[in-house]
Participant: 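I'd like to ask you about the structure that follows.
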Amino acid sequence: MTERPSELLPFPDGTVEGPAGISIGGVPLTTLARDFGTPLYVYDASTLRRRAGSIVSAVSAAPSGGRAAFALKSLSTLAVLRLLHEEGMGADCASAGEIAAAVRAGFAGASLVIHGNAKSDADLQAAIAADAGLVVVDGRDEAVRLGALCRAAGRVQDVLVRIAPGIGVDTHRHIATGHHGSKFGVTPAEGASLLHDLPAGLRGRGLHIHLGSQVLEPAPLVAAARWLPAFARDEGIPLEVLDVGGGLGIRYTPSQADPDPGQHTSNLVTAIAEACSDAGLAVPEIIVEPGRSISGPAGVTLYTVIGLKTVGDGSTWVAIDGGMGDNLRVGLYGAIYAPVLAARPTMAPIGRFRIAGRHCESTDVIADGVDLPAPAVGDVMAVPATGAYHQTMAHSYNLFGRPAAVLVEAGTARLITRRETLDELFARDL
Ligand SMILES: Cc1ncc(COP(=O)(O)O)c(C=O)c1O
């Protein structure tokens, strides 16, 4: 066995190349494809644990304590949630469904942080029923509805107010959320006014920001965190809790940056503590909401090559048995991936190929211009860095059914999501 060469950098920790090709968590990917079928989501437990653990310990070291709430939107498979719960994480939930997932996975209500820019009454009621620790209010109308529901339930709910501070980050415009004009949160002035004048039934504890996702250059995330204490002091609003969201990016291709999530969390904690000292404020409880930086690098998607053809312009398509049904990010953001052949990932390429998904959309292309060693029908293709916003965004366009998922650890693989059956596809149709 050789240690992971540079071509395999976006693959999870502990990935090795041996005689059977790539192994993750001690299990060859070709064995997983044979035993569980494709398309298949594979999650590496040790990568999940290491990344979650480093964030939890960095935020817990904050002077007044802190916690990490895992963003379920990035990955909400129950077995993964149970594992992250064991690592000491809380849960960031953006719907009644995500609240149900967190509760089923064992998260206590107090560890839930509830999000959403358009929470329905059902979402808010689910938060109340789960005894959620914090609801992050996204606007005045929502505060009015939540206040009424809490009074009816005889409860006082702790809330944060989400503000869009007008700080831009270098990411795709479809995943930037903290700029002026964002649909998320309110202006800083409106946030301060809301915290001064919350409806009865709500107790304002502080502020929330989340500037965007897949941020590879994290300086603006730290700068925004540094700005908040003086803002709270100047506006005379409570800052017992400060939630600075998630957003740290990950490496999707070998040449991309790979920021360290534990170090980034430490940098946030230090910046907030310094800013509080400068502002003459006590350091609040700090919450971070990582999603992608935990789940993304832990996941790999496996496909089987279905066919090859060279077309009119001379390019060669390699068609696989999955696509936009299991990976929506290419269509949504033009995301770029670095697929390899699982059995011979580092063999010298013979040419450049286009990887076609099987859905009836011309945009269903998982990667374009990939150098591969003689792909053939039946080969297993592995796409790394697909742990975040893949399984949670999967859909059943063309009625293919959603993929299965396995968790690998210490040489064993456990099925954690069954493949969707035809009966399940039609279960809701009357
Ligand atoms: C409020 C909030 N918190 C946390 C996250 C997680 O972000 P990421 O997966 O980039 O860490 C998101 C993602 O959009 C979010 O909207």
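Residue numbers run from 1 in the order of the sequence given. Every number for a ligand or one of its atoms is a count from 1 in the order of the listing.
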Participant: Between Ser213 and ligand 1, which residue portion shows a heavy-atom distance shorter than 4.0 Å: side chain, backbone, both, or neither?
Facilitator: both
Participant: Taking the ring of Phe400 and the ring of His359, is the distance between their centroids below 6.0 Å?
Facilitator: yes
Participant: Could a heavy atom of Phe184 be found less than 4.0 Å from some atom of ligand 1?
Facilitator: no
Participant: Among Lys73, Arg292, Gln214, His208, which residue places a heavy atom closest to atom 15 (C) of ligand 1?
Facilitator: Lys73
Participant: Between CG of Asp368 and CZ of Arg354, what distance do you get to the nearest 0.5 Å?
Facilitator: 4.0 Å
Participant: If the contact criterion is a heavy-atom separation under 4.0 Å, does Gly247 count as touching ligand 1?
Facilitator: yes
Participant: Taking only Lys NZ, Arg NE, NH1 and NH2, and the carboxylate oxygens of Asp or Glu, determine whether Asp121 and Arg145 approach each other closer than 4.0 Å.
Facilitator: yes
Participant: Using the salt bridge (Lys or Arg N to Asp or Glu O under 4.0 Å) rule, take Asp131 and Arg155 through it: C-alpha gap first, then chi angles, then the decisive distance, then the call.
Facilitator: CA-CA 9 Å; Asp131 205 10; Arg155 166 189 175 89; 2.5 Å; yes
Participant: Just wondering, are more than 12 heavy atoms of other shown residues or ligands nearer than 6.0 Å to CD1 in Ile336?
Facilitator: no
Participant: Please list, in number order, the atoms of ligand 1 under 4.0 Å from a heavy atom of Tyr389.
Facilitator: 6 (C), 7 (O), 8 (P), 9 (O), 13 (C)
Participant: Return the option from His115, Glu289, Arg162, His210 holding the heavy atom at the smallest distance from atom 14 (O) of ligand 1.
Facilitator: His210
Participant: For Asp123 and Ser120, test the side chains for any donor-to-acceptor distance below 3.5 angstrom and give the result as yes or no.
Facilitator: yes
Participant: With a cut-off of 4.0 Å, which atoms of ligand 1 are near a heavy atom of Gly246?
Facilitator: 4 (C), 11 (O)
Participant: What atoms of ligand 1 come closer than 4.0 angstrom to any heavy atom of Gly291?
Facilitator: 8 (P), 9 (O), 11 (O)
Participant: Provide the number and element of each atom of ligand 1 under 4.0 Å from a heavy atom of Asp92.
Facilitator: 2 (C), 3 (N), 4 (C)
Participant: Quick one about His196 and Glu235 (side-chain donor to acceptor, distance below 3.5 Å, no hydrogens or angles considered), yes or no?
Facilitator: no
